[in-house]
Peer 1: 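Below you'll find the structure I mean.
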Amino acid sequence: AVTLPLAAHQSRLLAKLENLQPEIKKLAERLRYEVSVRGKQLGWSEKVARFHFKKNLRRIITELYIRDNCHPFKATLLVWVQIPMWVCVSLALRNCSIGALDSEVQEQFSTGGTLWFTDLTAPDSTWILPISLGLLNLLIVEV
């Protein structure tokens, strides 16, 4: 429910970034020409001309990112949400499954399973749950 919309948003951002690449390349070529002409007029060294080219190219690329609202850092939002969520869920499940002995929660976990996994505190010997979870995550990424 949380990661699928973020994955779709990330895909849209990455598509926008990919669509910007031809425009960035064209602008970089034009800027390279302008900087070389200006550098010859002002007698700049190669190092100074390269510095001005990089500085202006960064500015142009930032303006394009702002124009299309697709900064590359926004594409990492999914990771910044998934990692803490995974850690919190893992810790919560671990704490529930190995809680204090004779606790009501642990008793519910040890007898509350269904189908082939009747004891939720024991590892899944058939690997059905881990594999299905992995396939579900793969499906989310691919969608």
Side-chain angles (χ1 to χ4, degrees), residues 1-39 42 44-143:
V2 174
T3 58
L4 183 60
L6 289 175
H9 179 67
Q10 180 183 23
S11 295
R12 280 194 305 271
L13 281 172
L14 292 174
K16 284 181 181 181
L17 287 170
E18 191 173 322
N19 290 337
L20 278 179
Q21 292 309 312
E23 186 176 355
I24 289 173
K25 187 176 180 180
K26 191 185 311 179
L27 289 171
E29 289 173 8
R30 193 173 88 206
L31 180 64
R32 186 179 319 266
Y33 173 75
E34 290 174 3
V35 166
S36 69
V37 168
R38 185 75 172 157
L42 298 175
W44 288 344
S45 68
E46 181 67 30
K47 188 176 180 180
V48 172
R50 193 175 319 118
F51 169 76
H52 284 287
F53 170 75
K54 287 181 180 180
K55 182 179 78 167
N56 286 317
L57 184 61
R58 265 185 268 138
R59 181 185 50 82
I60 289 170
I61 290 173
T62 302
E63 288 172 1
L64 289 175
Y65 289 159
I66 291 170
R67 182 192 75 190
D68 288 358
N69 193 21
C70 63
H71 195 278
F73 186 74
K74 289 181 180 180
T76 65
L77 181 64
L78 179 62
V79 173
W80 293 112
V81 170
Q82 270 185 331
I83 290 175
M85 186 184 323
W86 177 76
V87 169
C88 290
V89 167
S90 297
L91 290 174
L93 287 174
R94 184 186 71 177
N95 289 340
C96 286
S97 66
I98 60 169
L101 293 175
D102 299 328
S103 72
E104 185 178 327
V105 172
Q106 188 174 14
E107 183 180 325
Q108 289 175 351
F109 271 98
S110 64
T111 60
T114 179
L115 301 175
W116 71 94
F117 50 94
T118 55
D119 185 1
L120 295 176
T121 61
D124 185 8
S125 60
T126 61
W127 287 82
I128 293 173
L129 288 176
I131 290 173
S132 61
L133 181 63
L135 290 174
L136 182 64
N137 281 332
L138 178 64
L139 178 69
I140 288 173
V141 168
E142 291 301 319
V143 167

Peer 1: Sequence neighbours left out, what passes ring pair (Phe, Tyr, Trp, His ring centres under 6.0 Å) with W44? Give chain and number order.
Peer 2: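 Applying ring pair (Phe, Tyr, Trp, His ring centres under 6.0 Å) to W44 gives H52.
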Peer 1: Going through the distances and angles, do I131 and L135 end up as a side-chain contact (heavy atoms from CB on, under 4.5 Å)?
Peer 2: CA-CA 6 Å; I131 290 173; L135 290 174; 4.1 Å; yes
Peer 1: To the nearest 0.5 Å, tell me how far L27 CG sits from N56 CG.
Peer 2: 12.0 Å
Peer 1: Please enumerate all residues that pass ring pair (Phe, Tyr, Trp, His ring centres under 6.0 Å) together with F53, with sequence neighbours excluded.
Peer 2: none
Peer 1: Once salt bridge (charged side-chain N to carboxylate O under 4.0 Å, His left out) is applied, do any residues pair with R59, and if so which ones, sequence neighbours excluded?
Peer 2: E63
Peer 1: Minimum heavy-atom separation for P72 to L17, with atom names?
Peer 2: CA-CD1, 3.9 Å
Peer 1: Give the minimum heavy-atom separation between I24 and L64, together with the two atoms involved.
Peer 2: CG1-CD1, 3.6 Å
Peer 1: CD of Q21 to CD1 of I61: how many Å apart, nearest 0.5 Å?
Peer 2: 7.5 Å
Peer 1: Looking at CZ of R50 and NZ of K55, how far apart are the two atoms once the value is rounded to the nearest 0.5 Å?
Peer 2: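 These two atoms lie 15.5 Å from each other.
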Peer 1: For W80, what residues pass the side-chain hydrogen bond (donor to acceptor under 3.5 Å, both in side chains) criterion, not counting sequence neighbours?
Peer 2: T76
Peer 1: At what distance, to the nearest 0.5 angstrom, does CD of Q82 lie from CG of L77?
Peer 2: 10.0 Å
Peer 1: If you look at every heavy atom in C70 and L13, which pair is closest and at what distance?
Peer 2: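 In this case the closest contact between C70 and L13 is CA-CD2, 3.5 Å.
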Peer 1: Side chains of K25 and E29: does their closest heavy-atom pair fall under 4.5 Å?
Peer 2: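 K25 reaches E29 side chain to side chain.
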Peer 1: If the condition is salt bridge (charged side-chain N to carboxylate O under 4.0 Å, His left out), which residues does R38 pass it with, not counting sequence neighbours?
Peer 2: none
Peer 1: CG/L133 to CD1/I128 distance, rounded to the nearest 0.5 angstrom?
Peer 2: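 Interatomic distance, L133 CG to I128 CD1, rounded to 0.5 Å: 13.5 Å.
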Peer 1: How long is the straight-line distance from SG of C88 back to CD1 of I83, given to the nearest 0.5 Å?
Peer 2: 12.0 Å
Peer 1: Do the non-hydrogen side-chain atoms of R67 and L20 ever get within less than 4.5 Å of each other?
Peer 2: yes
Peer 1: For the backbone of D68 and the side chain of K16, can you confirm whether one donor and one acceptor N or O come within less than 3.5 Å of each other?
Peer 2: yes
Peer 1: The criterion is side-chain hydrogen bond (donor to acceptor under 3.5 Å, both in side chains); which residues satisfy it with T3, sequence neighbours excluded?
Peer 2: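 None.
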